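Reviewing the structure listed below.
Small disclaimer: the values here were computed from a predicted structure and weren't measured.
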Amino acid sequence: MELRKTSLLFGKIISVDGSKITIKAETLKNEDGENTLHAEVGAFINCGGFHGDTICTITRVLIQEIERRDAVVENKLVEAAIVGSVDSNGRFTRGVSKLPPIGCESYLLSGEQVNHLLGINVNSPEEDEESKKYFKVGKRSMQGAGDAYLNLDKLLGRHVAIVGTTGSGKSSTVARIAQSILENYPLPRLIFFDIHNEYKNAFSEQWANKSNCIAWENFSLPYWFLDLDEFISIYYPEAGGTQKMYLKEIIEDLKKENYDGPDQEKVSVDSPIFFNMDTLIEKIKEKRDRESTEAKKDPFNKMILKLQSIHNDSRFSFLKREAIHKTSLASYFTQLLGLDANNQRFITVLDLSGLPAEVRTICVGVLTRLCFDYRYWDMDPENLPLCLILEEAHTYIPEDTSSKYSLCLERVEKIAKEGRKYGISLIVVTQRPSNISSTVLSQCGTFITLRLTNDLDQNKIKRLLPDLLGDQADILSSLRDGEALITGDAMTLPGKVRFDPPSPKPKSNDVRYHKSWVDGPPPGYSVENITKWWVTRERN
């Protein structure tokens, strides 16, 4: 494709300073057929000459006034940062072998030209293998800049961070990306950790036959899948060393008793094998009764009291929901990953809105660890790659070393550092990037940054953005709803993108106070019901 269209010529280079060039523009607007292109911040240009083609992004546009004896002359100047060049195959590549010379002509690039440079040939009759890697998510914000595409392999190959303040369009952006993946790829595997029950609506209607939305009342995380650290963190976080030793010994014996396969000696306390919680409590009582003094019985009494308290608490019923079926790990993952041969599903939305606050971080850590272990024991990372979408990530993987977060942080950071090798990826979604684990953020290869108004959040993200963006990084507080600055591996040429609205949208709209305070409570509103749910600890 021609990258030096005469109709898009707008000026010549007058200064070259390392990766920064200055162009004296004859015009700041060009017509190319039906398209009108402007030399504006964020637009892409080609400085083409005998040295080859150098691709740059505009970082600044200004007027320079020069006083002469009889008049004031205005020079239109455009400053740009070099982002790469064009190789022998006509494709964009990072880095340059030669800098453009003084006097080199500069051309604006249309959206079609930019996408061609990236290997995206959406209009070709036969889509090539390279084009299949890309899926459309919206349009570049600059006029005439065309559609915006993300490279799926690079998007999920090195994890993604989607950040933005409340109301900036994070949930809609996440839903749009997931819906676009479903549109373009027939057999994906995405798992949403839906903390506020937002995404069920986004995957209804035309997506209903591809999605598996597990409501809170049907969500289960069997207690026999927990390893020892996880079990103690949920059931008895205050356990001392001796109590942990007793629990380990009894649980391991119970799991071995319930294992009817060969190599029983290989079963450990961490093996995901069913055991009966009531039997565990009875075994502890037996140990207690063998003690001779009340002082020696006391640690066992505390252990029994704590285990019974959690086991009988209705808020923790998700831990024992499958106990009657003694659900195996195989059947659990068949449902979780939508692998039922007669009813395949490709997106699983886990409604975690009912998780008790005190164990939310632990349960997210357990789910994350189970998914990682599943991929670890599948020897080929390309058999069934997974993507975990961590909503409200700042609430369970914060930049905090306190013990209440340590288990979840350890599990998520392990995927951040090692997941790529095993075919498991993260999409980390947060409104407070300054509070997120730096280990996780530093492993993200793509940043989708929506509007950020907090200085701490802006500064943390700016440190992670490439220098070639120049002053573009200063616009984070003025981005529109659903508009993001995308940088990193998935979008080789970074810039502002306006995401297409999802259809249908997630249930993440702001509360309409004006409507509620005009119409009043709905028919059937009952304080009695609310207090009943509160007392019984069951949300309906």
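The backbone N or O of D147 sits nowhere less than 3.5 Å from a side-chain atom of K136 that would complete a donor-acceptor pair. For the pair T439 (side chain) and E413 (backbone), a donor-acceptor distance under 3.5 Å is absent. Although no hydrogens or angles enter the test, the distance criterion places no donor-acceptor pair under 3.5 Å between the side chain of D270 and the main chain of D227. T361 contributes a side-chain N or O that, together with a main-chain N or O of K404, makes up a donor-acceptor pair within less than 3.5 Å. Under a 3.5 Å cut-off, the side chain of D194 and the backbone N or O of S353 do not form any donor-acceptor pair. The main-chain N or O of E528 is found under 3.5 Å from a side-chain atom of S526 such that the two form a donor-acceptor pair. Put simply, the side chain of R158 never gets that close to the backbone of T446: no donor and acceptor are under 3.5 Å apart. With hydrogens and angles disregarded, a donor-acceptor distance shorter than 3.5 Å links the side chain of Y134 to the backbone of L118. Put simply, the side chain of N454 gets close to the backbone of D457: a donor and an acceptor are under 3.5 Å apart. With hydrogens and angles ignored, the 3.5 Å screen pairs a side-chain donor or acceptor of Q206 with a backbone N or O of S503.
A heavy-atom distance below 4.5 Å is found between the side chains of L247 and L307. Residues F203 and L182 form a side-chain contact, since some pair of their non-hydrogen atoms from C-beta on lies under 4.5 Å apart. When side chains are defined from C-beta on, K248 does not count as touching M245, because their heavy atoms never get closer than 4.5 Å.
In this pair, Y223 and Y235 present their aromatic rings perpendicular. The plane angle is above 60°, beyond the 30 to 60° band. A perpendicular orientation is assigned to the rings of F135 and Y185, their planes being inclined by more than 60° (bins at 30° and 60°).
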Hey, mind stepping through E252 and L228 against side chain to side chain contact (heavy atoms under 4.5 Å, CB included) and telling me if it holds?
CA-CA 10 Å; E252 187 169 306; L228 182 63; over 6 Å; no

Check the pair L352 / F192 against side chain to side chain contact (heavy atoms under 4.5 Å, CB included), numbers first and verdict last.
CA-CA 10 Å; L352 305 181; F192 278 80; over 6 Å; no

Given R360 and E392, is the salt bridge (Lys or Arg N to Asp or Glu O under 4.0 Å) satisfied, shown in steps?
CA-CA 12 Å; R360 176 189 291 172; E392 301 291 344; over 6 Å; no

Does F499 form a side chain to side chain contact (heavy atoms under 4.5 Å, CB included) with E483? I'd like the steps, not just the answer.
CA-CA 6 Å; F499 279 85; E483 184 176 49; over 6 Å; no

Applying salt bridge (Lys or Arg N to Asp or Glu O under 4.0 Å), run through E291 and R288 and close with a yes or a no.
CA-CA 6 Å; E291 297 296 337; R288 177 199 63 186; over 6 Å; no

Chi angles and distances behind the side chain to side chain contact (heavy atoms under 4.5 Å, CB included) call for D481, R451
CA-CA 7 Å; D481 289 353; R451 184 171 61 251; 2.8 Å; yes

Step-by-step side chain to side chain donor-acceptor pair (under 3.5 Å) determination, S438 to K460:
CA-CA 9 Å; S438 294; K460 185 157 188 175; 3.3 Å; yes

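Around NZ of K283, the count of heavy atoms belonging to other residues, nucleotides or ligands within 6.0 Å does not exceed 12. Annotation: E265, atom CD; neighbour count of heavy atoms from other residues, nucleotides and ligands within 6.0 Å is above 12. For D380, the CG atom sits in a packed shell: over 12 heavy atoms of surrounding residues, nucleotides or ligands are nearer than 6.0 Å. The number of heavy atoms from other shown groups lying within 6.0 Å of NZ (K297) is above 12. Few gaps surround CD on E238; more than 12 heavy atoms of other groups in view lie less than 6.0 Å from it. R420 CZ: 12 or fewer foreign heavy atoms inside a 6.0 Å radius. Within 6.0 Å of NZ in K326 there are 12 or fewer heavy atoms belonging to other residues, nucleotides or ligands.
Residues Y396 and F193 place their aromatic rings such that the two centres sit no closer than 6.0 Å. Aromatic ring centres of F275 and W224 lie farther apart than the 6.0 Å criterion allows.
No hydrogens or angles considered: a donor-acceptor pair under 3.5 Å links the side chains of S328 and S331. For the residue pair S402 / D400, a side-chain donor-acceptor distance below 3.5 Å is found, with atom types taken as modelled. Side chains of E322 and Y332: no donor on one and acceptor on the other come within 3.5 Å. Side-chain atoms of D340 and T334 include no donor-acceptor pair closer than 3.5 Å. One side chain, R176 or S180, offers a donor N or O that lies under 3.5 Å from an acceptor on the other. Side chain to side chain, T430 and R432 fail the donor-acceptor criterion of an N or O pair below 3.5 Å.
Taking the charged nitrogens against the carboxylate oxygens, E358 and R315 do have a contact shorter than 4.0 Å, which makes a salt bridge. A salt bridge does not link K256 with D253: none of the charged nitrogens is closer than 4.0 Å to a carboxylate oxygen. A salt bridge links D298 with K302: the distance from a Lys NZ or Arg NE/NH1/NH2 to an Asp or Glu carboxylate oxygen falls below 4.0 Å. In this structure, D229 does not pair ionically with R369, as no charged nitrogen and carboxylate oxygen lie closer than 4.0 Å.
In this structure, CG in L156 is found 11.5 Å from CG in D489, a value given to the nearest 0.5 Å.
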